[in-house]
Amino acid sequence: PITDLAIKNNNLIAATQGRSFWILDDLAQLRQAVTSRPTELVLYKTSDTYRITGGSGKSLKEGTNYSGGLQAFYYLTDSLSVKDTLEIAIFNSKGDSIIRYSTNNPDKAYQLKPVKGMNKFSWNLRPKPAKRFDGMVIWGGDGAGPIGIPGDYTLVLKLNDKEYRQPFKILKNPRSKATDADYARYSEFATALSNKISEAHEAIISIRDLRTQLNNYKARVPKDEDLKKEINRIDSTITKIEEALYQTKNRSVQDPLNFPIRLTDKLAYVGTIQSNGEYPPTDQAYAVRDEFHRQIDEQLKAYEAVKIVMIPALNKLIREKSIDPIIIKEE
């Protein structure tokens, strides 16, 4: 039995006899839905959301905590056709795009799958995390960008050439003593950290593509010792760079127990720690971040030398030997 009901901050709270408290979040969305009879796409007024760190789990036997972040609702009167494109984007008060989702996004994590009728869109208040690559296993975090800081934002929903907008606010956690300057410092810190991880991971993707090309070419000219020597020298150089940036022995999330984490993993962990709580980065956090940035930049500089010095030299050597571009493999 429900022994009492209360409404607080547009949430319905139900007290039960022996089954704890239950909350129906955001009555504003329900009120808009029951008073409207949509004849075309409707983007309902978006409620403001509190900036609260942490998370919640799911259970089939218990209630599920509020997921946090932005919860937005839109209504489709008809199912979309294959020719239709639905897109949702979030913009800050300066008009900068923070993140985009769409029905034709090749990245499944940012792909929308709307249905006829009511649809719910959730956003965790973060931009896309740092660049990833196939098979990546890191221990300390995923290089997530900064949690959105308090301020004005806009959700833009676009269906083909029609655009719908709803403003909303990210509200300061009422328990927080952080100032606007504190939030700005955190956002700058986390953004720079995530960007540096992306830069390193993009280099790893490039290194792996380069290694594949080198190995394929080496297999085609097994009798040319000069070429093999130069290819092996480049391969050795880029392998040292890759292994400094990332633990290449990782194959599962348990492997870091046996193999020490490398630079991008260490840097990601700094970001994970800093995103917990409502305080600005400490002097120690800046010092550690900047030290990892410096070490990563050393490896990126070394890889840049490979690209602008070693690879052109190898290509020149190949041209001088007049090696046929197509070679029939002999058994």
Seminar exercise, completed: Note: Pro127 and Pro146 closest approach over all heavy atoms is CD-O, 3.2 Å
Exercise. So, Asn11 side chain and Asp26 main chain: donor-acceptor pair closer than 3.5 Å or not?
Worked result: yes
For this session: Decide yes or no on side chain to side chain donor-acceptor pair (under 3.5 Å) for Thr237 and Tyr303, but give the supporting numbers first.
Result: CA-CA 8 Å; Thr237 300; Tyr303 183 50; over 6 Å; no
Problem set entry | Lys/Arg N to Asp/Glu carboxylate O, Arg289 vs Glu188, below 4.0 Å | yes
For this session: Might you work through the side-chain contact (heavy atoms from CB on, under 4.5 Å) test for Lys128 and Ile99, ending with a clear yes or no?
Result: CA-CA 7 Å; Lys128 292 183 71 172; Ile99 199 164; 4.1 Å; yes
Problem set entry | Min side-chain heavy-atom separation Ser47-Gln29 under 4.5 Å | yes
Exercise. Counting only heavy atoms not in Arg175, do more than 12 sit closer than 6.0 Å to its CZ atom?
Worked result: no
For this session: Check whether any side-chain heavy atom of Val306 lies under 4.5 Å from a side-chain heavy atom of Ile234, and answer yes or no.
Result: yes
Exercise. Between the side chains of Gln295 and Glu291, does any donor sit under 3.5 Å from an acceptor?
Worked result: yes
For this session: Name the orientation class of the two ring planes belonging to Tyr153 and Phe168 (parallel below 30°, tilted from 30 to 60°, perpendicular beyond 60°).
Result: parallel
Exercise. Where the side chain of Ser194 meets the backbone of Gly143, is there a donor-acceptor pair that is under 3.5 Å apart?
Worked result: yes
Exercise. Could you walk me through whether Leu112 and Asn104 pass the side-chain contact (heavy atoms from CB on, under 4.5 Å) check?
Worked result: CA-CA 8 Å; Leu112 297 173; Asn104 56 8; over 6 Å; no
Exercise. Does a side chain donor of either Asn10 or Arg31 reach within less than 3.5 Å of an acceptor in the other side chain?
Worked result: yes
For this session: Would you indicate whether the side-chain heavy atoms of Leu41 and Thr77 approach each other to under 4.5 Å?
Result: no
Exercise. Quick one: does Tyr246's side chain get under 4.5 Å of Asp265's, heavy atoms only?
Worked result: no
Problem set entry | Closest non-hydrogen atom pair between Lys196 and Ile296, with its separation | CD-CG2, 3.9 Å
For this session: State whether the side chain of His201 and the backbone N or O of Arg132 hold a donor-acceptor pair below 3.5 Å, judged by distance alone.
Result: no
Problem set entry | Check: Thr179 main-chain N/O paired with Asp182 side-chain donor or acceptor under 3.5 Å | yes
Problem set entry | Least distance between heavy atoms, Leu245 atom then Ala200 atom | CD1-O, 4.0 Å
Exercise. Given Ile13 and Trp22, is the side-chain contact (heavy atoms from CB on, under 4.5 Å) satisfied, shown in steps?
Worked result: CA-CA 6 Å; Ile13 305 169; Trp22 294 73; over 6 Å; no
For this session: Please check if the distance between the ring centroids of Tyr101 and Tyr110 is under 6.0 Å.
Result: yes
Exercise. Between Glu230 and Arg233, is the closest basic N to carboxylate O distance under 4.0 Å?
Worked result: yes
For this session: Treat each ILVMFWY residue as a node, draw an edge where side-chain heavy atoms are under 4.5 Å apart, and state whether Leu263 and Ile207 are in one component.
Result: yes
For this session: State whether Glu225 and Lys229 are salt-bridged, where the test is any N-O pair (Lys NZ or Arg NE/NH1/NH2 against Asp/Glu carboxylate O) under 4.0 Å.
Result: no
Exercise. Above 12 or not: heavy atoms from other molecules or residues under 6.0 Å from CG of Asp180?
Worked result: no
Exercise. Just by modelled atom types, is the Thr16 backbone N or O under 3.5 Å from a matching donor or acceptor in the Ser20 side chain?
Worked result: no
Exercise. Any side-chain heavy atom of Glu278 within less than 4.5 Å of one from Tyr183?
Worked result: yes
For this session: Verify the distance criterion only: is there a donor paired with an acceptor across the side chains of Tyr279 and Ser176 at less than 3.5 Å?
Result: no
Seminar exercise, completed: For Pro114 and Leu86 the tightest heavy-atom approach is CG-CD2, 3.7 Å
Exercise. For atom CZ of Phe21, is the number of surrounding heavy atoms from other residues, nucleotides or ligands below 6.0 Å larger than 12?
Worked result: no
For this session: Spell out, as yes or no, whether a donor-acceptor pair under 3.5 Å connects the side chain of Asn195 to the backbone of Thr191.
Result: yes
For this session: Measure the shortest side-chain to side-chain distance between Val156 and Gln166 over non-hydrogen atoms and say whether it is less than 4.5 angstrom.
Result: no
Exercise. Where do Pro150 and Arg51 come nearest, in terms of heavy atoms and distance?
Worked result: CD-CD, 3.9 Å
Problem set entry | Side-chain donor or acceptor of Gln111 paired with backbone N/O of Asn105 under 3.5 Å | yes
Seminar exercise, completed: Correct closest heavy-atom pair for Ile98 and Phe91 would be CD1-C, 4.2 Å
Exercise. Does Asp224 come within less than 4.0 Å of Lys321, counting only side-chain N to carboxylate O?
Worked result: yes
Exercise. Got Leu70 and Ile90 here, is their nearest side-chain heavy-atom distance under 4.5 Å?
Worked result: yes
Exercise. Does atom OH of Tyr217 have more than 12 heavy-atom neighbours, drawn from other residues, nucleotides or ligands, at distances under 6.0 Å?
Worked result: yes
For this session: Go through the steps for Leu300 and Ile241 under the test side-chain contact (heavy atoms from CB on, under 4.5 Å), then give the verdict.
Result: CA-CA 8 Å; Leu300 297 178; Ile241 296 170; over 6 Å; no
Problem set entry | Presence of salt bridge, Arg100 and Glu87, under 4.0 angstrom | yes
Exercise. Is the shortest side-chain N to carboxylate O distance from Arg165 to Glu163 below 4.0 Å?
Worked result: yes
For this session: Give a yes-or-no answer on whether the side chains of Lys218 and Asn232 include a donor-acceptor pair shorter than 3.5 Å.
Result: yes
For this session: Indicate, with yes or no, if Val42 and Phe73 share a hydrophobic cluster defined by side-chain heavy-atom contacts under 4.5 Å among Ile, Leu, Val, Met, Phe, Trp and Tyr.
Result: yes
Problem set entry | Flag, side chain of Asn124 to backbone of Ser122, donor-acceptor distance under 3.5 Å | no
For this session: Could you point out which residue of Asp152, Thr49, Thr46, Asp48 forms a side chain to side chain donor-acceptor pair (under 3.5 Å) with Lys169?
Result: Asp152
Exercise. Are Met118 and Ile88 grouped together when hydrophobic residues (ILVMFWY) are joined by side-chain heavy atoms under 4.5 angstrom apart?
Worked result: no
For this session: Indicate, with yes or no, if Ile7 and Leu24 share a hydrophobic cluster defined by side-chain heavy-atom contacts under 4.5 Å among Ile, Leu, Val, Met, Phe, Trp and Tyr.
Result: yes
Exercise. Can a salt bridge be assigned to the pair Lys249 and Glu243 using a cut-off of 4.0 Å between side-chain N and carboxylate O?
Worked result: no
For this session: State yes or no: do Val288 and Ile197 share one hydrophobic cluster built from I, L, V, M, F, W and Y residues joined by side-chain heavy-atom distances below 4.5 Å, directly or via other members?
Result: yes
For this session: For Ser79 and Val115, indicate whether the former's side chain and the latter's backbone hold a donor-acceptor pair under 3.5 Å.
Result: no
Problem set entry | Minimum side-chain heavy-atom gap Lys240-Gln299 below 4.5 Å | no
Problem set entry | Polar side chain donor-acceptor pair, Glu40 to Tyr75, under 3.5 angstrom | no
For this session: Dump the intermediate steps for ring-ring contact (aromatic ring centres under 6.0 Å, His included) on Phe189 and Tyr286, then the final yes or no.
Result: CA-CA 8 Å; Phe189 180 94; Tyr286 277 109; 5.2 Å; yes
Problem set entry | Between Asp84 and Ser81: side-chain donor-acceptor atoms closer than 3.5 Å | yes
Problem set entry | Neighbour count >12 (heavy atoms, 6.0 Å) for atom CG, Asp283 | no
Exercise. Side chain to side chain donor-acceptor pair (under 3.5 Å) between Arg262 and Thr248: does it pass, once the steps are laid out?
Worked result: CA-CA 9 Å; Arg262 302 303 187 195; Thr248 58; over 6 Å; no
Exercise. Among side-chain atoms of Gln213 and Asp209, is any donor-acceptor pair under 3.5 angstrom?
Worked result: yes
For this session: Could you tell me whether the side chain of Thr3 and the main chain of Ala15 form a donor-acceptor pair under 3.5 Å?
Result: yes
